[in-house]
**Q** 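Next up is a structure, given as structure tokens.
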Amino acid sequence: MIRKMDGYSPLQIFIVIFLFLEGTAILINLAPDLGRDAWIATLFCTFIGMFLIWWFFFLLRNTNQRHIYAVLQQGLGKIGGSIVGVVYITYFIYICARDMRDFSELITNAVLPSIPLEWTTLCFTVTVIYVLRCGVQNFVNLFVLFGYVFAAIFVVFLVLVIADGELDFHNLLPIMGDGIGPMLPSTFTQVLEFPFGELIAFTAFAGMLYPNLSGKVMRASLLSVLAAGMVLTVTIIVELVTFGPSIRERAMFPLVSASRNISIGNFIERIEMIVIFAILLAAIVKVCIFAYAALQGVVWYTGKSYNSLIIPYVLLTAEISYYVSNNMSDHIMVGLSFVPIYIHIPLQFAVPAILLVFIKMRSRWRKRDDQTAV
Amino acid sequence: MKRTYFFILILVMVSALDILCLFHNEQWNFLVMYSQRKKLVAACLLILVATVYSIVLDWKDGRNSHTKGSE
């Protein structure tokens with residue numbers, strides 16, 4: 001299935017974006033404030049997410065640059081671009097650390113309760129360092145394999161949930177009982193930024209893998225966001241019909257809880273381990289992509305080789321992941337209150353929008369100058 | 001020493017962002033968290049390894065460029 005190739009195929013970016021979006025979003029309680037309407041918000045944000053990936057790639061295509069760090073320098077000048085570029089590296093490392101913490105908390109809470117969080121994180125760190133050191137061509141091919149495994153496990157999970165039969169679709173009713181108004185704030189401050197806005201990480205390297213970001217690549221990316229959004233929506237629906245909105249709101253890892261409830265003939269049980277394995281694959285992809293996005297920035301600013309930078313920056317990510325919060329509930333609280341509004345919105349939407357305006361204005365001024373000179 | 005300086009810059013910035021997030025969420029006990037022995041030892045070791053690794057690579061780069069220059 002996986003052909004050896006010199007370049008990268010649209011299938012690869014499809015799977016990488018898909019797993020990136022699933023990453024930790026499938027694990028944690030997405031849009032808990034929205035209760036039974038969480039799936040509608042996710043579905044709605046999927047379409048905005050498709051626009052976002054188009055917009056981010058348009059920024060690269062329109063400027064003929066290969067990554068966002070070069071676009072920043074083109075749009076904001078050398079000093080301004082470098083400052084904002086360093087802020088982006090900081091952002092990618094911080095979000096990478098948060099994702100690493102999500103995964104470590106999952107392992108510590110659900111699988112290995114007697115193993116300290118620090119050890120789990122360290123093991124994950126070593127895996128990430130190894131994957132990144134294999135080089136981009138190899139880890140993208142590895143992620144394609146992860147994609148097939150993830151899809152197979154998801155299908156098995158759905159079949160088992162349906163076979164279990166303990167589904168109450170009344171938990172989804174009334175749909176938008178309080179109208180669309182109360183849904184909007186949580187939709188725009190929670191679901192849109194996480195996970196769809198995080199696609200900004202792809203602007204740090206997508207132009208290098210696919211130099212001209214052709215129509216095929218764009219279509220694959222759009223379809224990938226659509227597929228990932230659909231899978232997230234189905235997952236939330238499964239969580240809701242399995243144990244209702246009130247329990248889902250309180251659950252730390254609702255998907256794991258939903259899979260733990262499955263019992264077919266008192267024989268097929270404890271399938272949460274398979275689900276956790278699938279989440280682990282997606283989490284590795286997400287952490288690697290964020291780390292790779294940050295490393296590309298460091299390579300761009302320092303001019304040092306990529307391989308020599310992997311160990312220090314991934315170790316830094318691990319160190320920050322210890323300190324992002326005291327426990328899982330604080331971690332989720334920070335992720336829902338401060339991070340979306342003060343970190344995600346400026347760096348995912350405001351800066352790219354300002355960049356686009358600056359670049360358009362500069363090109364217009366240049367054209368006007370050329371006409372005046374003629 | 002460009003690699004090391006840049007690493008320290010990013011370390012300071014990410015730590016500042018982390019503390020800012022904790023402050024905003026009114027987790028005033030972040031110093032208590034920072035001083036938990038197990039976490040502190042693990043974090044210090046990681047940062048020490050990362051910094052020493054960067055310094056050694058920078059020193060090697062410097063030595064190589066010096067050798068090339070003298071040739």
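Protein chains get the first letters and strands the later ones, always in sequence-line order, with residue 1 at the start of each.
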**Q** Which answer fits A:Val298, side chain, backbone, both or neither, if we ask what part of it has an atom under 4.5 Å from a heavy atom of chain B?
**A**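 Both the backbone and the side chain of A:Val298 come within 4.5 Å of chain B.
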
**Q** Determine whether B:Leu46 and A:Leu122 satisfy the following criterion, side chain to side chain contact (heavy atoms under 4.5 Å, CB included), listing intermediate values before the conclusion.
**A** CA-CA 9 Å; B:Leu46 289 181; A:Leu122 207 60; 3.6 Å; yes

**Q** Which heavy-atom pair separates B:Met13 from A:Val87 by the least distance, and what is that distance?
**A**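 Minimum heavy-atom separation between B:Met13 and A:Val87: CE-CG2, 4.2 Å.
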
**Q** For A:Glu319 and B:Leu11, what are the C-alpha separation, side-chain angles and deciding distance, and is it a side chain to side chain contact (heavy atoms under 4.5 Å, CB included)?
**A** CA-CA 10 Å; A:Glu319 188 265 336; B:Leu11 168 67; 4.1 Å; yes

**Q** Under a 4.5 Å cutoff for heavy-atom pairs, which residue among B:Leu9, B:Leu20, B:Ile10 has the most contacts with chain A?
**A**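 The candidate making the most pairs under 4.5 Å is B:Ile10.
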
**Q** Atom CG of B:Leu17 and atom OH of A:Tyr94: how far apart are they, to the nearest 0.5 Å?
**A**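 The CG atom of B:Leu17 sits 5.5 Å away from the OH atom of A:Tyr94.
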
**Q** Would you name the heavy atoms of A:Pro312 and B:Phe7 that are closest together and state the gap between them?
**A**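 Looking at all heavy atoms of both residues, the closest pair is O-CE1, 3.4 Å.
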
**Q** Testing the basics here: between B:Ala50 and A:Leu315, what is the closest heavy-atom pair and its distance to 0.1 Å?
**A**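 Minimum heavy-atom contact is N-CD1, 4.0 Å.
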
**Q** If you compare all heavy atoms of A:Ser308 against all heavy atoms of B:Tyr53, which two are closest, and at what distance to 0.1 Å?
**A**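 Closest approach of A:Ser308 to B:Tyr53, heavy atoms only: O-CE2, 3.3 Å.
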
**Q** Quick one, B:Cys21 and A:Ile343 - any side-chain contact, counting heavy atoms below 4.5 Å?
**A**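 Yes. Closest side-chain heavy atoms under 4.5 Å.
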
**Q** Which region of A:Tyr301, side chain (C-beta onward) or backbone (N, CA, C, O), has a non-hydrogen atom less than 4.5 Å from a non-hydrogen atom of chain B, or is it both or neither?
**A**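 Its backbone and side chain both get close to chain B.
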
**Q** Determine, step by step, whether B:Ile19 and A:Tyr323 satisfy the side chain to side chain contact (heavy atoms under 4.5 Å, CB included) criterion, reporting the C-alpha distance in whole Å, the side-chain angles of both residues, the deciding distance to 0.1 Å, and the verdict.
**A** CA-CA 9 Å; B:Ile19 291 171; A:Tyr323 287 129; over 6 Å; no

**Q** At their closest point, which heavy atom of B:Leu22 faces which heavy atom of A:Ser325, and how far apart are they?
**A**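 Taking every non-hydrogen atom into account, CD2-CA, 4.0 Å.
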
**Q** To the nearest 0.5 Å, what is the distance between CG on B:Asp18 and OG on A:Ser321?
**A**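 Reported value, rounded in 0.5 Å steps: 10.0 Å.
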
**Q** Is chain A contacted by the side chain of B:Ile47, its backbone, both, or neither, given a heavy-atom distance below 4.5 Å?
**A**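 Side chain of B:Ile47 only, per the 4.5 Å heavy-atom cut-off to chain A.
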
**Q** Provide the closest heavy-atom pair for A:Tyr313 versus B:Arg3 in the form atom of the first, atom of the second, distance.
**A**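 Smallest heavy-atom distance, with atoms named: OH-O, 4.3 Å.
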
**Q** Could you look at A:Ser337 and say if it's the side chain, the backbone, both or neither that has a heavy atom under 4.5 Å from chain B?
**A**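 Looking at A:Ser337, just its side chain touches chain B.
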
